[in-house]
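What follows is a short report on a single structure.
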Amino acid sequence: MTTITLGGRRFALRPLTLGQLRRVLPAFARAAGLAQEDAIDAAIDILAAALERDHAAMTRDVLLGVELRPVELIAAVDAIARLSGLVAEEGSRMGELAASAGANFTGS
């Protein structure tokens, strides 16, 4: 479990389920860099998926109205990727495998 901050509020998150990962994995690729509108939409999709089990009121539409700094958005997507095993922690064997496969979706 990890905690992210969105618009000054803290949210505890669990790793994404396989079903959630299947649905949002393309969004991680689109979110890299957050340089375009599509990337921001992808990041919102990722956040909505991560929040849906434990914070059902935080829908995609609600997230669109949250006052959020870009750094918070990037940190949240990065935390979700790490929590869900899409970016392994440094020094682990999985980290070596992920790095060799180019699996760093968040650009960090």
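In what follows, residues are counted from 1 in the order of the sequence shown. Just so we're clear, the structure is a prediction, and the values are computed from it rather than from any experiment.
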Output the distance between atom CG (L16) and atom CZ (R23), rounded to the nearest 0.5 Å. 8.5 Å

Start with the C-alpha gap between L51 and L63, add the side-chain angles, then the distance that decides, and say whether side chain to side chain contact (heavy atoms under 4.5 Å, CB included) holds. CA-CA 10 Å; L51 292 166; L63 287 169; 4.0 Å; yes

Could you tell me whether a side-chain N or O of H55 sits under 3.5 Å from a main-chain N or O of A12, the two making a donor and an acceptor? yes

Measure the CG-OG1 distance between D78 and T2 for me, rounded to the nearest 0.5 Å. 10.0 Å

Kindly indicate whether the side chain of R53, heavy atoms from C-beta on, has any atom under 4.5 Å from the side chain of T17. yes

Apply side chain to side chain contact (heavy atoms under 4.5 Å, CB included) to the pair D45 and R60, showing each step before the final yes or no. CA-CA 7 Å; D45 290 343; R60 188 180 199 292; 2.6 Å; yes

Quick check for you: to the nearest 0.5 Å, what is the distance between I46 atom CD1 and D41 atom CG? 11.0 Å

Check whether Q20 reaches the backbone of A49 with its side chain - one donor and one acceptor, N or O, closer than 3.5 Å. yes

Taking it one step at a time, do L13 and T3 satisfy side chain to side chain contact (heavy atoms under 4.5 Å, CB included)? CA-CA 6 Å; L13 298 179; T3 302; over 6 Å; no

Hey, what do you get for CE (M58) to CG (D61), rounding to the nearest 0.5 Å? 11.5 Å

Please find the pair of heavy atoms, one from I4 and one from A79, that lie closest to each other, and give the distance. CG2-CB, 3.8 Å

Rounded to the nearest 0.5 Å, how far apart are CD1 of I80 and CZ of F28? 6.0 Å

Provide the closest heavy-atom pair for A57 versus V62 in the form atom of the first, atom of the second, distance. O-CG2, 3.3 Å

If every non-hydrogen atom of A27 is compared with every non-hydrogen atom of A42, which pair is closest and at what distance? O-CB, 3.2 Å

Full working for side chain to side chain contact (heavy atoms under 4.5 Å, CB included) between L6 and L73: CA-CA 7 Å; L6 302 172; L73 185 59; 5.7 Å; no

In the single-linkage hydrophobic clustering (I, L, V, M, F, W, Y; side-chain heavy atoms under 4.5 Å), do L18 and L86 co-cluster? yes

So, R9 and E72, do they make that salt bridge, N to O below 4.0 Å? no

Would you compute the distance between atom CG of L68 and atom CD1 of I40 and round it to the nearest 0.5 angstrom? 10.0 Å

